[in-house]
There are 2 protein chains.
Amino acid sequence: MHTKERDTCCPTPRASSRRKNNVVECESCGLYGMCKVAGLDAPVPDLIDEIVGRREPVAVGQNVIAAGATFGEIYAVKSGSFKTYVTMASGEQQIIDFYFPGELIGLEGLSEGSYPHTVEALEASSVCRLDFSKLNVLGERLGEFQKQLINALSKRARQDQWVPLLMGAQNAEQRTATFLLSLSARFAEHELPSVRFKLPMSRHDIANYLGLAVETVSRMFQRFQSMDLLEVHGRHVELRDIDAIRVIAGLNNINAT
Amino acid sequence: MHTKERDTCCPTPRASSRRKNNVVECESCGLYGMCKVAGLDAPVPDLIDEIVGRREPVAVGQNVIAAGATFGEIYAVKSGSFKTYVTMASGEQQIIDFYFPGELIGLEGLSEGSYPHTVEALEASSVCRLDFSKLNVLGERLGEFQKQLINALSKRARQDQWVPLLMGAQNAEQRTATFLLSLSARFAEHELPSVRFKLPMSRHDIANYLGLAVETVSRMFQRFQSMDLLEVHGRHVELRDIDAIRVIAGLNNINAT
DNA sequence: CTACAGCCTTGATGTGTATCAATTGGATCA
DNA sequence: TGATCCAATTGATACACATCAAGGCTGTAG
């Protein structure tokens with residue numbers, strides 16, 4: 001199964017310069033196909049260097065992407081690792097995901113034109129950078145259909161960012177609040193009623209999705225109602241104080257889709 | 001903000017035939033761009049009907065997609081709603097996500113060639129279907145670069161499916177097990193050591209990501225070690241019994257990425 | 001309109017995990 | 001090599017939520 005594992009573990013060899021193991025070869029990199037297409041397979045044509053930065057080093061704690069920055073590049077992790085996070089209203093950071101060699105960072109920024117979260121190196125790492133603005137991919141070089149497909153995929157990737165926020169919610173109250181907000185936001189995105197709507201799923205389904213007990217979901221709804229944040233009649237719901245719900249969810253400042 | 005909300009709530013009008021509200025117009029549909037490109041904007045050319053099924057009705061509880069089925073189509077929710085789930089080793093279903101009008105279903109199947117989870121209607125709904133096999137999108141009509149980009153995006157969408165599994169995990173033990181497995185799987189995907197590796201992130205980061213306390217993460221690692229499933233020395237980890245860990249995680253039969 | 005059935009709510013108790021507190025261990029740097 | 005500091009472990013207590021149990025409501029079908 002794991003025949004030729006290079007292992008950096010345990011007695012670290014004391015080489016003079018820090019030796020980085022666990023580097024993905026180009027063949028195993030998420031950017032490989034694109035690099036190859038761009039003609040970057042073998043001896044490097046100079047013009048390619050304008051588009052793909054190769055193996056740029058990143059120091060521990062350094063940010064490759066800052067949340068909110070304008071989209072322009074995607075990165076492939078060559079070695080090392082990264083975490084991505086958003087900063088909550090409380091100032092705490094909520095980790096969204098981790099990234100490892102061969103994986104791509106930054107795709108979430110494609111649809112909206114800005115990166116939704118910050119990307120920080122967990123250790124001394126290196127990345128390859130693919131410059132979208134210079135490639136002008138979404139412009140002339142991409143057919144309309146493909147453009148739409150890519151947009152749809154990118155949007156989905158961003159939409160999924162709600163889920164880690166749900167995970168990060170420590171208590172049932174926060175989770176339920178976040179759930180309601182995510183529903184509302186998704187409805188609004190397609191111009192459906194987003195303040196007063198009918199929950200299509202059962203309490204059982206909600207509980208399953210949120211990792212809570214059915215009874216707890218019910219109690220949270222009741223609690224919100226008693227706080228005048230919400231009006232619930234069975235599956236009919238009206239958000240009466242969205243801002244307050246956002247505060248409870250802890251994402252007052254977060255611009256999650 | 002929400003100017004022209006049509007509302008289906010509360011005193012439901014007793015029309016003879018069930019009136020379905022909350023139908024997205026084509027303009028607001030996730031498939032819109034693609035339909036438009038395909039020439040489906042106005043009066044429908046017959047040949048288009050081969051590719052796009054329009055407003056096909058789906059009954060409550062009916063499956064639009066079965067987990068594991070061969071990828072061939074994507075669907076846009078026209079009205080109604082859906083849930084997606086995987087069936088766990090225990091036979092219980094773990095809900096991955098919900099889908100609402102205007103959103104696209106099935107994109108996750110693009111990269112691997114099969115759908116990772118089952119899609120079931122929560123109510124009487126309707127969908128538009130876009131037939132990929134007939135469009136042959138990934139074949140001749142798509143440039144190599146775009147193909148790679150779409151693949152990367154689709155892969156990412158699928159990778160995110162780990163997260164709901166983490167959410168669904170009721171207790172800290174399951175979450176930690178699932179976390180370790182997801183790391184291992186992601187390493188393996190790029191031919192990095194996946195049995196014995198170094199955790200690049202702190203316990204603090206792991207706890208934040210899993211929605212647990214640092215101490216709990218530590219205790220879980222210790223517990224696994226005492227069960228001989230794991231060997232931990234600080235950030236160095238070796239999975240000694242992956243199958244057993246899968247059992248604990250509850251996804252013995254799941255083929256998550 | 002009435003009756004049934006499943007869904008949802010409400011209450012009481014136990015357990016898993018957060019929290020608080022203190023110690024140990026490991027990595028970094030002089 | 002040794003000192004320092006932060007990370008990780010380990011233990012004790014409190015609380016939030018799961019679980020068990022029962023009753024009320026809503027929607028559906030006859």
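Letters A, B, ... mirror the listed sequences (proteins, then strands); counts begin at 1.
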Check your understanding: What is the distance, rounded to the nearest whole Å, between atom CZ of B/R223 and atom P of D/dG11?
Key -> 14 Å
Check your understanding: For the pair made of NZ in A/K198 and P in C/dC7, what is the distance, rounded to whole Å?
Key -> 13 Å
Point to revise | Rounded distance in Å - CG (A/D205) to P (C/dG6) | key: 16 Å
Review point. How many Å lie between CD on A/E123 and P on C/dA27, as a whole number?
Key: 14 Å
**Study point:** Any A/R203 side-chain nitrogen or oxygen under 4.0 Å from OP1 or OP2 of C/dT9
**Key:** yes
Review point. Is there a side-chain contact between A/M201 and B/K83, using heavy atoms and a 4.5 Å cut-off?
Key: no
Exercise for review: Could you check how far CZ of A/F221 sits from C1' of D/dC25, rounded to whole Å?
Suggested key: 17 Å
Point to revise | Most 5' of A/E173 and A/G234 on DNA chain D, judged by nearest nucleotide | key: A/E173
Practice item. Check whether the side chain of B/R219 and the base of D/dG11 form a donor-acceptor pair under 3.5 Å. Key: yes
Study note, to complete from the structure: Here the distance between atom C1' of C/dT10 and atom CD of A/Q225, to the nearest Å, is 14 Å
Exercise for review: For B/L212 and C/dT19, give me the distance from atom CG to atom P, rounded to whole Å.
Suggested key: 11 Å
Check your understanding: So do the side chains of A/V119 and A/Y75 get within less than 4.5 Å of each other, counting heavy atoms only?
Key -> no
Revision key, fill the gap. From the candidates C/dC8, C/dT19, D/dT9, the one with an atom nearest any side-chain atom of A/S218 is C/dC8
**Study point:** Among D/dT9, C/dC8, D/dA18, the nucleotide that comes nearest once only the side chain of A/S202 is considered
**Key:** C/dC8
Point to revise | Donor-acceptor pair (no angle test) under 3.5 Å: B/E215 side chain, C/dC20 base | key: yes
Exercise for review: Could you tell me the separation between the CZ atom of B/R175 and the P atom of D/dC17, rounded to a whole number of Å?
Suggested key: 12 Å
Point to revise | Donor-acceptor contact present, side-chain B/R186 to main-chain A/F98, <3.5 Å | key: yes
Exercise for review: Ignoring backbone atoms, establish whether B/R235 has a side-chain N or O less than 4.0 Å from OP1 or OP2 of D/dA8.
Suggested key: yes
Check your understanding: Ignoring hydrogens and geometry, is there a side-chain-to-backbone donor-acceptor pair from B/T84 to B/D97 under 3.5 Å?
Key -> yes
Exercise for review: With heavy atoms under 4.0 Å as the rule, sort B/A172 into base, sugar-phosphate or nothing.
Suggested key: sugar-phosphate
Point to revise | Contact check, side chains of B/R240 and B/F224, non-hydrogen atoms, under 4.5 Å | key: no
